[in-house]
Amino acid sequence: QVQLLESGGGLVQAGGSLRLSCVASGRTSSIGTMGWFRQAPRKEREFVAAIGWNGGSTYYADSVKGRFTISRDNAKNTMYLQMNSLKPEDTAVYYCAARLGTILIMNKNNYAYWGQGTQVTVSS
């Protein structure tokens with residue numbers, strides 16, 4: 001089993017920045033890919049970004065490309081999401097997720113482990 005815990009959410013004005021963190025614990029050696037997803041009120045949970053846990057390759061949703069950066073620190077079992085130039089439409093609960101496979105996948109159904117989420121609110 002893998003446990004995930006997010007932090008770093010909050011309230012920020014449009015154009016501002018936030019950095020989210022996700023600490024993994026448990027059987028972290030089994031992790032192949034980690035990702036960030038988000039869910040706005042009355043909307044489906046959507047893919048934001050993914051990173052290979054060992055190789056470090058990355059993949060982004062078009063809506064955040066060029067503004068968000070995903071990274072990881074294997075020594076700390078921690079994944080990050082640096083969010084710059086935030087927009088009101090980025091407002092959502094952001095979830096950290098992990099899967100055993102090494103292929104970067106956007107489909108949330110392929111991720112077995114999830115954190116509880118952290119709220120990000122961007123005011124206009």
Main-chain N/O of Glu6 paired with Gln116 side-chain donor or acceptor, under 3.5 Å: no

Pairs flagged by salt bridge (Lys or Arg N to Asp or Glu O under 4.0 Å) wherever residues 66-77 is involved - sequence neighbours left out: Arg67-Asp90

Check against side chain to side chain contact (heavy atoms under 4.5 Å, CB included), Leu5 and Gln3: CA-CA 7 Å; Leu5 182 63; Gln3 294 79 42; over 6 Å; no

Same cluster (ILVMFWY, side-chain, under 4.5 Å), Leu104 and Val48: no

Atom CG of Leu11 with >12 non-hydrogen neighbours under 6.0 angstrom: yes

Where at least one partner belongs to residues 18-107, residue pairs that pass disulfide bond (SG atoms under 2.5 Å apart), sequence neighbours excluded: Cys22-Cys96

In one Ile/Leu/Val/Met/Phe/Trp/Tyr side-chain cluster, 4.5 Å: Tyr95, Val2: no

Straight-line distance of Tyr80 OH to Met34 CE, nearest 0.5 Å: 11.0 Å

Spacing of CG belonging to Leu100 relative to CG belonging to Asn110, to within rounding of 0.5 Å: 11.0 Å

Interatomic distance, Met79 atom CE to Leu20 atom CG [nearest 0.5 angstrom]: 9.0 Å

In one Ile/Leu/Val/Met/Phe/Trp/Tyr side-chain cluster, 4.5 Å: Ile31, Met106: no

Arg99: partners by salt bridge (charged side-chain N to carboxylate O under 4.0 Å, His left out), with sequence neighbours left out: none

List the atom pairs, with distances to 0.1 Å, where a side-chain N or O of residues 49-66 and a protein N or O form a donor-acceptor pair under 3.5 Å, not counting sequence neighbours.
{"residue": "Tyr60", "atom": "OH", "partner": "Ile70", "partner atom": "N", "Å": "2.9"}
{"residue": "Asp62", "atom": "OD1", "partner": "Lys65", "partner atom": "NZ", "Å": "3.1"}

For Arg19, all residues meeting salt bridge (charged side-chain N to carboxylate O under 4.0 Å, His left out), sequence neighbours excluded: none

Nearest non-hydrogen partners of Thr78 and Ser21, listed with the distance: CG2-CB, 4.3 Å

Gln13 side, atom CD; Ser124 side, atom OG - distance, nearest 0.5 Å: 9.5 Å

Aromatic plane relationship, Phe68 with Tyr94 - under 30° parallel, 30 to 60° tilted, over 60° perpendicular: tilted

Residue pair Trp36, Met83: steps toward the side chain to side chain contact (heavy atoms under 4.5 Å, CB included) verdict: CA-CA 12 Å; Trp36 289 98; Met83 305 185 294; over 6 Å; no

Single-linkage hydrophobic cluster, 4.5 Å side-chain cutoff, Trp114 and Leu81 together: no

Any side-chain heavy-atom pair of Arg27 and Tyr113 under 4.5 Å: no

Salt bridge (charged side-chain N to carboxylate O under 4.0 Å, His left out) partners of Glu46, counting only residues at least two apart: Arg38

Hydrophobic cluster membership, Val120 vs Leu4, 4.5 Å side-chain cutoff: yes

Tyr111 side chain to Thr33 backbone, donor-acceptor under 3.5 Å: no

